[in-house]
There are 2 protein chains.
Amino acid sequence: MDTIRKPPTMADVARRTGVSPMTVSRAFKRDSSVSQETREAVLLAAEELGYVFDSTASNLRSQRTDFIAVTIPSINNANFADTVRALSDRVSERGLQILLGYTNYDVAEEERLIEQLLRRKPEAMVVTGGKHTPRARKLLANAGIPVIETWDLPEEPIGHVVGFSNALAVREMVNHFVSVGYRKIAFIGGDASRDTRGTDRRAGFIAALIHHGLDTSRLIAAGPPPISMREGANAMGQLLERFPDTDAVICVSDLSAFGALTECQRRGIAVPDRIAIGGFGDYEIGAICVPSLTTINAFASEIGAKTAELILDVLDGKLDQPGRVTIRPDLILRQTSR
Amino acid sequence: MDTIRKPPTMADVARRTGVSPMTVSRAFKRDSSVSQETREAVLLAAEELGYVFDSTASNLRSQRTDFIAVTIPSINNANFADTVRALSDRVSERGLQILLGYTNYDVAEEERLIEQLLRRKPEAMVVTGGKHTPRARKLLANAGIPVIETWDLPEEPIGHVVGFSNALAVREMVNHFVSVGYRKIAFIGGDASRDTRGTDRRAGFIAALIHHGLDTSRLIAAGPPPISMREGANAMGQLLERFPDTDAVICVSDLSAFGALTECQRRGIAVPDRIAIGGFGDYEIGAICVPSLTTINAFASEIGAKTAELILDVLDGKLDQPGRVTIRPDLILRQTSR
DNA sequence: TACGCCATTGTTATCGATAACAACACCACT
DNA sequence: AGTGGTGTTGTTATCGATAACAATGGCGTA
């Protein structure tokens, strides 16, 4: 009859191998000083016993968890997913694991999430964006671990930064649109208060129009983030009714831009001949759809990779002052605009 | 001058509040027996000291981590992201946190990942798919925690199952296509050995064609997974050259189906008049694109929600035998087919 | 031969919260 | 007054791995 037995510990493996627990512990580390022979014997005994290494005990004693905590606004967004993937790929080579949480584009939720993640004692904390509640800032600043803000260039960074200026990127698109002759340019984005990157992009849009002396009233608020394809399509419908003479529209992301494009297709409106469309983020869909989307490549994967490098450098003690990596977004001209 | 001081512990908070560490511990739990007065005093002292609860110690002593480990093939896939989000939303209400890893559609990588995740002592383990290496199966079976296989209906489940038959779902689409008159039907999917759900879908496709006495040679292998828009477009190009008289094509996902659609648009081939297209997964893009995509809704979010409910039931001791939740995918007819 | 270095292994105390048990005060009810 | 229950707090030992230090044996070199 099977009795419910407790799972084996290192002590059990040690007994079976005829060594001390400490030797078992060393055998499970990569580069520690155990003879090849002993290590193999230990690992064999462990496999036979069905031993599974217990990180919780290791974490407490060694005061290391090998977690990298990451917050992103949404798990369903290909841009953020790309960043996380690049980050994860890079740090997992070093045995570090991503601990992921999403904020739903809400700074209050972000605060809760940050507090929860910090309890797990991660080695570093990566947050998306540079706007946080005062308490979240305080928690991060006092956590005693490297903090990296991404996808933004905050004026007063908490620690390290790997990002770009959302406002500047959109401004460059506007400059291009104006240079090729568009004058009645609209913006489709989310409600102002929530998605801070979206708000920055809209601010850059308005600033650029003012700079060119153009009308800034063509702003369509597509609801609370995330603004995806459906919201983009609806917003384009509103735009066409409220400002029928619009000759170009810039959308907060490629997803909404694609939605807007399809709405034009449904209404038989020629893109780009009657209205041009610009997106943001260089999602796969923008390169594939017909006509393909003019957009801005923000180098999502590169943000993740650079963040990983920065974290590894800090953990290795190679960097003792806050790092600031600035990404330069790229305007990609395709078929939805001149 | 600031000396580097160690972060405060419960003992520090206890001293400051004038109570025992145990009382502090209770104050940080939700429903434990501390007076409202004491709790507030403790939390105030904690806040003043900048105390952050240390999960690593709690995890070891209580033998609970409140982690739910989850493996998905790719973090960049909206279907799996939907499942994880629904799962996460449900379990986080109960203080459980998702520990996510991705396998890159590779069972060997899955094995490594499962081993790594089990070391963290999760309360339950959710895996995507029902095909695993023998060692992975053994690790899961011996882990002593609830195991839930999803997005599949394995013949010999390890533990619980929340899924559907990929083969059957595609078979139903084929049946519909045949019933409305399509006869030369092709399939676009990934290379056979990798993505097991994709392979199941192709198997269902072939079985259905055989049942109807139709030609089964129109199979396009679009490379190793993930098969996304670009691969779908390339595969459609191949299909049109190798089997120009094809009258319908079923794609392994909506992403590849959309890519295929755009290739037709680039070549001026009428959809669905000259060739019909079917997708899989009911991604947002399929509902928005023009023409909209005929597809199969596999209820990704529902899989996550049902998985969460199952986990909570098991952890509450309300379920002592393996659960098997079968999802019934839905054929959604839209504009890319009759 | 003697010395010291290196590789390998062992011993002891500890990381910080909490399970299990004990104790105390206070109140209601008989 | 005595009894029992409830709500609140305290005490002690412990979860399982490992940091820090110690010890051993083998080998090369002077």
Side-chain angles (χ1 to χ4, degrees), chain A residues 5-43 45-46 49-67 95 116 118-123 143-144, chain B residues 5-43 45-46 49-67 95 116 118-123 143-144:
Chain A
R5 58 187 159 205
K6 289 205 315 182
T9 70
M10 273 195 181
D12 298 316
V13 179
R15 249 188 305 282
R16 187 180 178 98
T17 320
V19 296
S20 73
M22 194 64 230
T23 299
V24 177
S25 172
R26 288 197 260 254
F28 272 90
K29 297 251 154 282
R30 285 193 185 174
D31 54 340
S32 52
S33 58
V34 220
S35 70
Q36 190 59 25
E37 201 180 4
T38 311
R39 164 170 282 133
E40 280 164 13
V42 167
L43 295 181
L49 284 174
Y51 169 73
V52 177
F53 182 92
D54 188 335
S55 291
T56 64
S58 173
N59 291 343
L60 175 59
R61 175 65 245 238
S62 65
Q63 298 289 69
R64 294 199 43 178
T65 59
D66 289 340
F67 276 134
Q116 196 191 13
L118 286 177
R119 292 174 162 212
R120 302 274 186 188
K121 306 291 170 188
E123 310 299 330
Chain B
R5 58 185 161 206
K6 289 206 317 181
T9 69
M10 273 194 179
D12 298 316
V13 179
R15 248 189 306 281
R16 187 179 177 100
T17 320
V19 297
S20 72
M22 194 64 231
T23 300
V24 177
S25 172
R26 292 193 179 105
F28 271 90
K29 298 251 156 278
R30 282 191 188 173
D31 54 340
S32 51
S33 57
V34 220
S35 69
Q36 189 59 25
E37 202 180 5
T38 311
R39 164 170 282 134
E40 280 165 14
V42 167
L43 295 181
L49 284 174
Y51 169 73
V52 177
F53 182 92
D54 188 334
S55 291
T56 65
S58 173
N59 291 343
L60 175 59
R61 175 64 243 235
S62 66
Q63 298 288 68
R64 294 199 44 179
T65 59
D66 289 339
F67 275 135
Q116 197 190 14
L118 286 178
R119 291 174 162 214
R120 303 273 186 190
K121 306 292 170 187
E123 311 299 330

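Every chain is numbered from 1, with letters handed out A, B, ... down the list of sequences.
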C/dT9 P sits how many Å from A/Arg39 CZ, rounded?
10 Å
Tell me, please, whether B/Phe67 has A/Arg120 positioned over its six-membered ring: NZ or CZ under 6.0 Å from the ring centre and within 45 degrees of its axis?
yes
Phosphate oxygens OP1/OP2 of C/dC15: is one of them under 4.0 Å from a side-chain N or O of B/Thr9?
no
List in numerical order all residues of residues 49-64 of chain A for which some heavy atom is under 4.0 Å away from an atom belonging to DNA chain C.
A/Leu60, A/Arg61, A/Gln63
Could you tell me the separation between the CE atom of A/Met22 and the C1' atom of C/dT12, rounded to a whole number of Å?
12 Å
So B/Val24, base contact, sugar-phosphate only, or nothing? Heavy-atom distance under 4.0 Å.
nothing
Have a look at B/Met10 and say if it touches a base, only the backbone sugar-phosphate, or nothing, with a 4.0 Å heavy-atom cut-off.
sugar-phosphate
Atom CD of B/Glu37 and atom C1' of D/dT9: how far apart are they, to the nearest Å?
13 Å
Quick check for you: to the nearest 0.5 Å, what is the distance between B/Leu118 atom CG and A/Phe53 atom CZ?
13.5 Å
Euclidean distance, atom NZ of residue B/Lys29 to atom C1' of D/dT8 [Å, nearest integer]:
18 Å
Euclidean distance, A/Thr65 OG1 relative to A/Glu123 CD, rounded to 0.5 Å
4.0 Å
Provide the closest heavy-atom pair for A/Tyr51 versus A/Thr9 in the form atom of the first, atom of the second, distance.
CE1-C, 3.6 Å
Just to be sure I follow the notation: if a pair is Watson-Crick (purine N1 to pyrimidine N3 plus N6-O4 or O6-N4) or a G-U wobble (N1-O2 and O6-N3), each under 3.5 Å, what dot-bracket string does DNA chain C give, with | for pairs to another strand?
||||||||||||||||||||||||||||||
For D/dT8, take OP1 and OP2 only and decide whether either is under 4.0 Å from a side-chain N or O of B/Thr23.
no
How long is the gap from CZ on B/Arg26 to OG on B/Ser20, to the nearest 0.5 Å?
7.0 Å
Using 0.5 Å steps for rounding, measure from the CD atom of A/Glu40 to the OG atom of A/Ser35.
9.0 Å
Nearest atoms (heavy-atom pairs only) where B/Ala27 meets B/Val42:
CB-CG1, 3.7 Å
Between C1' on D/dC15 and NZ on B/Lys121, what's the gap in Å once rounded to a whole number?
12 Å
In terms of heavy-atom contacts, B/Leu49 and B/Pro8 come closest through O-CG, 3.6 Å
Mind calculating the distance between CZ (B/Arg120) and C1' (D/dG16) to the nearest angstrom?
15 Å
Side chain to side chain contact (heavy atoms under 4.5 Å, CB included) between A/Val52 and B/Lys121, worked out:
CA-CA 9 Å; A/Val52 177; B/Lys121 306 292 170 187; 4.0 Å; yes
Pairwise distance OG1(A/Thr17) to CG(A/Asp12) - rounded to 0.5 angstrom
10.0 Å
How would you summarise protein contacts on nucleotides 21-26 of chain D per nucleotide, using B for base, S for sugar-phosphate only and - for none, with heavy-atom distances below 4.0 Å?
------
Rounded to the nearest 0.5 Å, what separates atom NZ in B/Lys29 from atom OG in B/Ser58?
4.5 Å
